[in-house]
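Report on one structure; see the data block that follows.
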Protein chains: 2
Amino acid sequence: MSTSERLIESTRELLWERGYVATSPKAIQQRAGAGQGSMYHHFTGKPELALAAISRTAQEMRAAGEEQLSAPGTAIERITRYLRRERDVLKGCPIGRLTQDPEIMADPTLRAPVEETFAWVRGRLAEVLAEGRARGELAATLDVATTAAAVVAVLQGGYVLARAAGSTAPFDQAITGVLGLLAGHATGQG
Amino acid sequence: MSTSERLIESTRELLWERGYVATSPKAIQQRAGAGQGSMYHHFTGKPELALAAISRTAQEMRAAGEEQLSAPGTAIERITRYLRRERDVLKGCPIGRLTQDPEIMADPTLRAPVEETFAWVRGRLAEVLAEGRARGELAATLDVATTAAAVVAVLQGGYVLARAAGSTAPFDQAITGVLGLLAGHATGQG
DNA sequence: GTCTATACAACGATAGAC
DNA sequence: GTCTATCGTTGTATAGAC
């Protein structure tokens with residue numbers, strides 16, 4: 001792996017573990033096994049490196065989500081697979097956590113991938129729900145946009161609860177809870 | 001207001017706006033209108049000051065939640081009032097955001113109030129749901145613990161979505177969404 | 001109780017040799 | 001492309017006068 005690649009991957013890990021403000025160029029260099037000068041040769045500074053890292057993570061998250069949500073099955077099955085796929089729950093969401101970082105939010109360039117990722121997930125979930133509704137699998141009265149927002153919110157909030165508790169249990173409970181609520185809107189005719 | 005009080009209040013604001021890592025003693029002093037020596041006279045350092053600030057915020061959050069959840073009305077009405085009460089949505093949850101701060105999570109003393117606050121909210125919501133179920137207002141099949149976790153998660157996740165979007169709209173949608181899902185489990189006999 | 005002075009490490013970046 | 005040296009600033013805290 002090239003030095004440039006190692007720098008980006010190290011930044012991705014550190015942004016996930018510690019966030020932007022708490023990640024220093026020095027820490028990135030050490031994890032990448034690169035020197036000071038090497039990092040500043042490949043990147044203009046911390047913001048440019050962070051943008052490369054965040055863009056890549058956003059891209060991967062979207063690809064992973066698309067994999068679960070475009071798979072065959074009923075809407076509820078696909079959403080269940082999306083919510084229950086293997087996750088590093090206690091590490092939190094690598095994109096969601098960035099919303100708490102003041103310097104990320106203050107920089108439109110760094111914030112854009114975060115904003116786009118959540119807009120995409122909400123839209124994609126709403127599409128899946130709309131398909132289920134159109135097939136008669138879900139109640140005709142179900143509002144797909146607000147339901148999609150609630151589903152993504154449970155995911156993001158589940159991470160918060162898990163980290164607060166120091167346990168994955170609240171995350172699993174929240175997922176089970178929202179799937180139980182959603183089941184009440186299935187027609188049984190999927 | 002005493003200097004000590006001003007220091008605690010300034011710390012509360014800064015922890016909310018920027019988090020622990022990104023909040024410096026200097027910034028706290030400036031906002032409080034206090035000098036360097038004055039701060040270190042009243043507190044041993046940043047961690048002790050943060051503990052005072054976090055404890056107070058946790059206490060207030062709990063009191064506010066209790067106010068909505070103990071009010072008269074059906075379970076759904078009380079939870080609706082809790083979820084829809086006025087909030088500084090774009091600032092995020094002052095307690096929830098701390099779960100993303102590496103130094104808060106690494107310090108058991110600072111983390112304890114965060115953990116306790118969410119444990120309390122989940123338990124209290126489960127009680128309200130159990131009351132509604134006992135009264136025949138909610139379906140007997142409803143799992144109160146997982147539903148409570150889902151409701152809190154929607155709240156916390158709603159903040160994340162709103163900050164990512166730079167708009168309160170996704171927060172409101174997520175709340176509307178989960179209340180819509182919950183309505184499907186009402187018996188209509190409350 | 002509050003102030004100024006001081007200390008020392010870390011941060012984020014630049015300079016210039018190799 | 002990578003290294004070491006250097007820089008100015010900020011973070012966090014202590015010392016000691018008033």
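Being a predicted model, the structure only gives us computed values, none of them experimental. In the text below, chain A, chain B and the rest are named by the order of the sequence lines, each starting its count at 1.
Taking 4.0 angstrom as the limit, A/Tyr40 places none of its side-chain polar atoms (N or O) nearer than this to OP1 or OP2 of C/dT14. Listed pair A/Thr3 / D/dT2 meets the phosphate criterion, a side-chain N or O lying under 4.0 Å from OP1 or OP2. Contact annotation: B/Lys26 does not reach the phosphate of D/dG11 (side-chain N/O to OP1 or OP2, under 4.0 Å). A close approach under 4.0 Å does occur between a side-chain nitrogen or oxygen of A/Ser24 and OP1 or OP2 of C/dC11. Considering only side-chain N and O atoms, B/His41 lies nowhere under 4.0 angstrom from the phosphate OP1 or OP2 of C/dC3.
Minimum atom distance to the side chain of A/Lys46 is reached by C/dA13, of the listed C/dA13, C/dT4, C/dG1. The nucleotide whose nearest atom lies closest to any side-chain atom of B/Ser38 is, among C/dT14, C/dT4, C/dT2, C/dT2.
Both B/Gly37 and A/Ser4 lie close to DNA chain D; mapped to their nearest nucleotides by heavy-atom distance, the more 5′-ward contact belongs to A/Ser4.
Atom CD of A/Glu103 and atom P of D/dT10 are 13 Å apart (whole Å). Remark: C1' of D/dG1 and CG of A/Leu7 are 12 Å apart, rounded to the nearest angstrom. C/dT2 atom P lies 8 Å from atom CZ of B/Arg6, rounded to whole Å. Put simply, CD1 on B/Ile28 is 11 Å from P on D/dG11, counting in whole angstrom units. Atom CD in B/Gln29 sits roughly 10 Å away from atom C1' in D/dA13 (whole-Å rounding). Going from atom CZ of A/Phe43 over to atom C1' of D/dT2 covers 15 Å, rounded to whole Å. Atom CD in A/Gln36 sits about 16 Å away from atom C1' in C/dA17, given to the nearest Å. A/His42 has its NE2 atom 16 Å from the P atom of C/dA13, to the nearest Å.
A distance-only check finds a donor-acceptor pair linking the side chain of A/Thr99 to the backbone of A/Gly96 [under 3.5 Å].
A salt bridge does not link B/Glu9 with B/Arg6: none of the charged nitrogens is closer than 4.0 Å to a carboxylate oxygen. A salt bridge links A/Arg12 with A/Glu60: the distance from a Lys NZ or Arg NE/NH1/NH2 to an Asp or Glu carboxylate oxygen falls below 4.0 Å.
More than 12 non-hydrogen atoms from other residues, nucleotides or ligands lie less than 6.0 angstrom from NZ of A/Lys91.
Residues B/Glu131 and B/Glu137 are not in side-chain contact: their nearest non-hydrogen atoms beyond the backbone lie 4.5 Å or more apart.
Here B/Gly35 lies in heavy-atom contact (under 4.0 Å) with sugar-phosphate atoms only.
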